[in-house]
Amino acid sequence: MSALVFGRAISKSLFTFHLFTQNDILTTIIPTTLFALVAAPLCSPYRCLHVVWWIWLHLLHFNVANQVIDPAEDGRNKASRPIPAGYISLRDAVYLRWSLVPICLASSAYYSIQVLGASLAMTLLTLWYNEFKAHGHWFSKNLVTGLGYACFQVGATLIAGRDMSRLEPDALLAVLLSIAMFATTLQAQDFKDQEGDRSIGRRTLPIAYPSPARVSMFVGLPMWSICLTQVWGMDAFCSIAFVFYSGLVGLRFMVCKTTQADRLSCKLYTLVFCRTFTSWLLALLP
């Protein structure tokens, strides 16, 4: 009986961990994994498991840290999350949040001091974003989130590559471009959350500047797409398809303004990055 109880407890814990990260599989885990596979390039297929594990572990850390800050807001707007849904208590979630810090750092140190540096930077950015409330204003929110994505990309790319102590020049350029692109277009993720953000006084770009925020998506996505096609030297077919798709997503943000439409637009926006890294891979193939 004790073994059965233990098994159920483990199963419940794993399911709870999954709930903390399930909504970010498409937005973070898949795009960042693709980025690492393209930028490294991949040392061996076995290393891909390490990449996904490292990304998921740090994503779990960030999401738990984010969700213990204001569980009342989640209860109103995102009741399916683990804390308001009753899968884990707030006290246990706080313990988990801080216990994940040494776990993330130790697992990163196993690979290299450079991967440890990416993990430490992610830890500090998580603290800045949540406890020091960088999420409260659109500028700091976009900046910190863009830097956070860069840490994901750096750590994952180092783990994927042959030399875990350095990034290739192309990979470093890709990270810098990603920071700029994320920081200037991440408001795509805020349109769908305006009601909840407004209720707690959070000034995201769609709330502070509704019309310019939508125009920034309409203009920014195709402009970044054109820039990236030139930087990576994509062929004509990939370039046209990439720019056309990005333009359609940007246009959708302009004309489809309901909450449900913004949710779908956000998912399509995420696919822009998947297409970015896939197109980059195709451009690098002989």
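None of these values were measured; they are calculated from a predicted model.
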Verdict with reasoning, Phe242 to Leu228, per side chain to side chain contact (heavy atoms under 4.5 Å, CB included): CA-CA 10 Å; Phe242 182 36; Leu228 292 174; 4.2 Å; yes
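- Side-chain contact between Leu172 and Val154: absent, with no pair of heavy atoms (C-beta onward) separated by less than 4.5 Å.
- Between the CE atom of Met254 and the CZ atom of Arg252 there is a distance of 14.0 Å, given to the nearest 0.5 Å.
- Taken together through direct or relayed side-chain contacts under 4.5 Å among Ile, Leu, Val, Met, Phe, Trp and Tyr, Tyr111 and Leu105 form part of one hydrophobic cluster.
- Considering every non-hydrogen atom in both Leu60 and Phe20, the closest pair reads CD1-CB, 3.7 Å.
- When hydrophobic clusters are built by joining Ile, Leu, Val, Met, Phe, Trp and Tyr residues whose side-chain heavy atoms come closer than 4.5 Å, directly or via intermediates, Ile240 is not grouped with Met223.
- No more than 12 heavy-atom neighbours from other residues, nucleotides or ligands sit within 6.0 angstrom of OH on Tyr209.
- Between the side chain of Thr229 and the backbone N or O of Ile226, at least one donor-acceptor pair lies under 3.5 Å.
- In this structure, Arg203 places its CZ atom where only 12 or fewer heavy-atom neighbours from other residues, nucleotides or ligands lie under 6.0 Å away.
- In terms of heavy-atom proximity, Phe35 sits nearest to Ala171 at CZ-O, 4.2 Å.
- Without hydrogens or angle criteria, Ser11 side chain to Arg8 main chain gives no donor-acceptor distance under 3.5 Å.
- Closest non-hydrogen pair, Val249 versus Ser265, comes out as CG1-O, 4.2 Å.
- Of the residues Ile159, Ile30, Ile29, the one that meets the side chain to side chain contact (heavy atoms under 4.5 Å, CB included) test with Ile55 is Ile29.
- Side-chain contact, Ser107 with Trp54: no donor N or O sits under 3.5 Å from an acceptor N or O.
- With a 4.5 Å cut-off on side-chain heavy atoms, Leu186 and Tyr269 count as touching.
- In summary, the side chains of Asp92 and Ser89 do present a donor paired with an acceptor at a separation below 3.5 Å, with no hydrogens or angles considered.
- Side chains of Glu195 and Thr259: no donor on one and acceptor on the other come within 3.5 Å.
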Would Asn142 and Asp190 count as a side chain to side chain contact (heavy atoms under 4.5 Å, CB included) here? Give the steps. CA-CA 10 Å; Asn142 280 25; Asp190 296 326; 4.2 Å; yes
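- Tracing side-chain contacts under 4.5 Å through hydrophobic residues (I, L, V, M, F, W, Y), one never reaches Leu268 starting from Leu248; they form parts of separate clusters.
- Atom CD1 of residue Ile103 and atom NE2 of residue His58 lie 11.0 Å apart, to the nearest 0.5 angstrom.
- Shown are Arg202, His135, Lys141; of these, the side chain to side chain donor-acceptor pair (under 3.5 Å) with Asp197 is made only by Arg202.
- Counted by atom type alone, Thr126 and His61 present zero donor-acceptor pairs between their side chains at under 3.5 Å.
- With hydrogens and angles ignored, the 3.5 Å screen pairs a side-chain donor or acceptor of Arg214 with a backbone N or O of Phe253.
- Atoms CZ and OG, from Phe152 and Ser119 in turn, are 9.5 Å apart once rounded to the nearest 0.5 Å.
- In this pair, Tyr149 and Phe182 present their aromatic rings parallel. The plane angle is below 30°, not in the 30 to 60° band.
- Under the 4.5 Å side-chain contact rule for hydrophobic residues, Trp53 and Met164 share a cluster.
- Residue Ile88 holds its CD1 atom at 10.0 Å from CD of Gln67, rounded to the nearest 0.5 Å.
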Would you sort out whether Asp24 and Thr21 count as a side-chain hydrogen bond (donor to acceptor under 3.5 Å, both in side chains), showing the intermediate values? CA-CA 6 Å; Asp24 295 299; Thr21 58; over 6 Å; no
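- A heavy-atom distance below 4.5 Å is found between the side chains of Met217 and Gln187.
- Between Thr204 and Trp138 the shortest heavy-atom distance is C-CB, 3.6 Å.
- Asn23 has its side chain out of reach of Thr27: every pair of non-hydrogen atoms, C-beta onward, lies at least 4.5 Å apart.
- By the 4.5 Å heavy-atom criterion applied to side chains, Met181 and Leu177 are not counted as neighbours.
- Residues Lys192 and Asp262 are not paired through a salt bridge, judged by the lack of any N-O separation under 4.0 Å between the basic side chain and the carboxylate.
- No salt bridge links Arg162 with Glu168; every basic N to acidic carboxylate O contact stays at or beyond 4.0 Å.
- Gln194 contributes a side-chain N or O that, together with a main-chain N or O of Phe191, makes up a donor-acceptor pair within less than 3.5 Å.
- Residue Lys12 holds its NZ atom at 12.5 Å from CD1 of Ile10, rounded to the nearest 0.5 Å.
- Placement of Phe15 and Leu96 in two distinct hydrophobic clusters is found when ILVMFWY residues are connected by side-chain heavy-atom separations under 4.5 Å, directly or transitively.
- Judged by distance alone, the side chain of Ser216 and the main-chain N or O of Ala213 form a donor-acceptor pair under 3.5 Å.
- Inter-residue side-chain proximity for Asn130 and Phe62 is flagged as met; some heavy-atom pair is nearer than 4.5 Å.
- The backbone N or O of Gly136 lies less than 3.5 Å from no partner atom in the side chain of Ser140, so there is not a single donor-acceptor pair.
- For the atom pair OG1 of Thr28 and CD of Gln153, the computed distance is 10.0 Å after rounding to the nearest 0.5 Å.
- Between Tyr87 and Arg81, every side-chain heavy-atom pair lies at or beyond the 4.5 Å cut-off.
- Note on ring orientation: taking the six-membered ring where Trp is involved, the planes of His50 and Tyr110 are parallel (angle under 30°, cut-offs 30° and 60°).
- Contact between Pro82 and Leu19 at its shortest, heavy atoms only, is CG-CB, 3.5 Å.
- Scanning both residues, Ala160 and Arg47, for their nearest heavy atoms gives CA-CG, 3.8 Å.
- Residues Thr184 and Trp224 bring a donor and an acceptor atom of their side chains to less than 3.5 Å of each other.
- Side-chain contact between Ser165 and Ile113 is absent, with no heavy-atom pair separated by less than 4.5 Å.
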